[in-house]
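First the structure, in the form of structure tokens, and then the observations on it.
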Amino acid sequence: MKQTLSLHISHALPFVSAEAYKAIQKEVNHAYSELFNGTGKGSEFLGWLDLPKQYDKEEFKRILQASRQIRRQAKRLIVIGIGGSYLGAKAAIELLTPTFAKKRKLEVLFAGQNMSSSYLAELVEYVKDQDFAVNVISKSGTTTEPAIAFRIFKKLLEEKYGIEEAKNRIYVTTDKSKGALRSLALEQGYATFVVPDNIGGRYSVLTAVGLLPIAAAGIDIVDMMRGAKEAYKLYKQKDIRKNDAFLYAAMRNLLYRGNKAIEMFVSYEPKLTYFAEWWKQLFGESEGKDHQGLFVASANFSTDLHSLGQYIQDGRRIMFETVVQVQNSPVDIVIQKEAQDLDGLNYLEGKTLDYVNKKAFEGTLLAHSDGLVPNLVIELNEITAFSFGHLVYFFEIACGLSGYLLGVNPFDQEGVEAYKKNMFALLGKPGYETLKKELLAKLAQKNG
């Protein structure tokens with residue numbers, strides 16, 4: 001059987017000195033020790049490391065049961081969360097369910113990931129006349145964006161079904177013992193699932209945070225965890241020549257040290273678009289600290305070759321690309337011959353669209369490499385729940401090691417709190433009065 005994932009560095013290796021490539025193994029050994037022995041910064045958040053093997057089997061059964069119940073009682077599931085509380089589930093659902101489906105047993109929709117009044121108002125209008133349920137995901141229950149959305153949809157559920165039936169349609173994923181949302185769930189008798197204390201949001205897709213909405217969407221989470229377990233067993237070697245996840249971490253750090261400031265996640269499959277969003281949070285929030293770290297961005301080719309392609313080819317030489325290339329497409333389209341070859345495409349007669357897509361990849365890879373843009377290529381055998389689980393764990397363990405190679409704590413995100421404090425003060429939240437005065441003075445000064 002073909003391996004699930006393989007990394008190819010031949011289009012990036014010329015941009016790294018042989019001495020640096022050889023020397024980084026010693027750094028990898030040290031980072032490996034920090035990661036697996038729990039001696040590095042943020043070690044209290046390493047619960048994801050052994051998760052594919054040591055996940056809570058009883059809660060996993062409850063997730064499967066709840067997912068079946070949701071599909072029986074609702075046509076639409078509103079998943080309320082922000083950041084790691086929604087991106088993993090969104091990534092899986094976009095990747096593993098049909099883009100265009102005439103009939104869906106359950107449509108999964110998302111709220112609480114922004115504060116757009118028009119988005120939320122349109123979503124309310126869209127679901128109010130359909131049977132729906134809510135999965136609210138928040139460690140504390142007080143994060144502004146999801147807390148506002150939950151207030152709105154909780155009220156809508158209660159108005160539509162009555163208070164008692166509404167309780168049966170609310171599924172809470174939160175802290176196991178504390179917090180406002182935990183207290184409310186216990187008081188109201190909502191079905192509850194756990195956000196583990198030792199797993200940060202961006203690493204939580206393979207916990208109840210991601211698995212409940214993913215399972216509700218009809219995706220095989222048993223197979224997904226099998227894929228993660230395969231990766232868990234595979235990526236334990238210290239030697240970067242035998243461990244693709246650690247080789248990826250090493251190469252991205254070497255390219256960063258070689259003045260590559262931007263890493264672009266690229267795929268030729270639009271269904272990976274939201275996987276790229278999850279990836280951006282994983283690496284951006286883990287490594288953007290102490291005025292360090294790669295700026296992570298994403299593009300979908302060949303679409304973005306007609307917009308960003310010019311800059312990537314001929315702009316500043318400050319980036320490299322990490323390409324996730326899917327080897328086997330589950331469906332394909334054969335190009336037919338036309339009687340009149342007006343578009344000049346008859347030379348493609350009998351070839352498949354996937355074949356054309358792969359030639360676009362190969363041509364772009366060569367062009368960008370010739371244009372001095374390094375490329376790391378991750379070949380994914382196919383798109384399945386199994387391969388999704390594998391790919392998630394690949395990036396998680398690579399990110400943990402990469403953060404330690406960089407010398408930062410890959411498991412905190414103190415910088416995210418800065419905007420929240422300012423927002424709370426400007427909104428007039430109690431306890432922020434002094435800061436509000438300071439901020440208003442700053443705004444007045446800057447606005448002239």
Side-chain angles (χ1 to χ4, degrees), residues 1-8 10-12 90-105 107-109 126 217-220 264-277 279 297-315 319-388 391:
M1 188 174 85
K2 186 163 180 167
Q3 65 191 72
T4 304
L5 180 154
S6 57
L7 173 69
H8 303 276
S10 59
H11 291 275
K90 177 76 168 172
I93 292 166
E94 292 285 315
L95 182 61
L96 299 170
T97 61
T99 304
F100 309 105
K102 291 181 179 179
K103 293 182 179 180
R104 292 182 189 270
K105 288 186 177 179
E107 183 178 14
V108 181
L109 303 159
Y126 183 66
I219 296 166
D220 187 350
M264 182 83 76
F265 180 105
V266 169
S267 79
Y268 289 74
E269 173 49 66
K271 291 170 80 66
L272 278 162
T273 298
Y274 257 91
F275 190 93
E277 295 301 310
W279 176 89
S298 62
N300 185 264
F301 291 168
S302 63
T303 301
D304 291 328
L305 289 173
H306 295 260
S307 56
L308 297 175
Q310 174 62 42
Y311 186 94
I312 295 169
Q313 188 69 45
D314 288 336
M319 70 175 66
F320 68 93
E321 293 167 288
T322 292
V323 183
V324 175
Q325 178 67 358
V326 181
Q327 289 300 97
N328 298 301
S329 177
V331 293
D332 214 342
I333 295 173
V334 177
I335 299 168
Q336 304 293 328
K337 184 178 181 179
E338 292 281 350
Q340 288 186 297
D341 190 22
L342 296 176
D343 52 17
L345 293 179
N346 275 354
Y347 76 99
L348 295 176
E349 179 192 2
K351 293 184 171 62
T352 68
L353 191 56
D354 187 57
Y355 173 84
V356 175
N357 199 23
K358 285 183 169 55
K359 295 307 168 187
F361 155 66
E362 291 171 5
T364 304
L365 178 66
L366 292 169
H368 288 182
S369 298
D370 289 345
L372 304 182
V373 180
N375 269 248
L376 299 169
V377 179
I378 296 169
E379 286 187 356
L380 193 65
N381 185 34
E382 59 186 349
I383 293 176
T384 61
F386 185 95
S387 63
F388 177 87
L391 190 61

Hey, could you give me each pair passing ring-ring contact (aromatic ring centres under 6.0 Å, His included) that has a residue in residues 339-359? Not counting sequence neighbours. none

Begin from the C-alpha positions of T322 and V266 and carry the test side chain to side chain contact (heavy atoms under 4.5 Å, CB included) through to its verdict. CA-CA 6 Å; T322 292; V266 169; over 6 Å; no

Under 3.5 Å donor-acceptor, D354 side chain and D332 backbone: no

Pairing residues for K105 by the side-chain contact (heavy atoms from CB on, under 4.5 Å) criterion, not counting sequence neighbours: R71

Polar side-chain atom of N381 near backbone of N328 as donor-acceptor pair, under 3.5 Å: no

Ring pair (Phe, Tyr, Trp, His ring centres under 6.0 Å) with F320: which residues, sequence neighbours excluded? none

Does a side-chain N-to-carboxylate-O contact under 4.0 Å join K358 and E362? no

By side-chain contact (heavy atoms from CB on, under 4.5 Å), which residues pair with V373, not counting sequence neighbours? I312, R317, M319, E321, H368, N375

What heavy-atom pair brings D220 and A385 nearest, and what distance separates the two atoms? O-CB, 3.4 Å

Whether the side chain of E269 engages the backbone of K271 through a donor-acceptor N/O pair (distance < 3.5 Å, no angle test) should be reported. yes

Heavy-atom pair with the smallest gap, counting every atom of S387 and L380: CB-CD1, 4.0 Å

Looking only at non-hydrogen atoms, find the nearest pair between S329 and V331 and report the distance. OG-O, 2.6 Å

From F361 CZ over to S302 OG, what is the distance, rounded to the nearest 0.5 angstrom? 13.5 Å

What are the two closest heavy atoms between I93 and I219, and how far apart are they? CA-CD1, 3.9 Å

Counting distance only, does the side-chain N/O of T273 pair as donor-acceptor with the main-chain N or O of P270 below 3.5 Å? yes

Just do the side chain to side chain contact (heavy atoms under 4.5 Å, CB included) check on L365 and V377 with the steps written out, would you? CA-CA 9 Å; L365 178 66; V377 179; 4.0 Å; yes

Could you pull out all residues at least two apart from D343 that satisfy side-chain contact (heavy atoms from CB on, under 4.5 Å)? D341, L345

Determine, for R104 against E107, whether the closest basic-nitrogen to carboxylate-oxygen distance falls under 4.0 angstrom. no

Going by side-chain contact (heavy atoms from CB on, under 4.5 Å), name the residues that satisfy it together with S298, two or more places apart in sequence or in a different chain. F265, A276, E277, K280

Is a side-chain donor or acceptor of D304 paired with a backbone partner of N300 at a separation under 3.5 angstrom? yes

With side chain to side chain contact (heavy atoms under 4.5 Å, CB included) as the test, would you mind laying out the steps for V356 and L348 before giving the verdict? CA-CA 9 Å; V356 175; L348 295 176; 4.3 Å; yes

Using modelled atom types only, decide if a donor and an acceptor are shared between the side chain of Q313 and the backbone of A367 within a distance under 3.5 Å. yes

Work out which heavy atom in F388 is nearest to a heavy atom in A92; give both atom names and the distance. CZ-CB, 3.5 Å

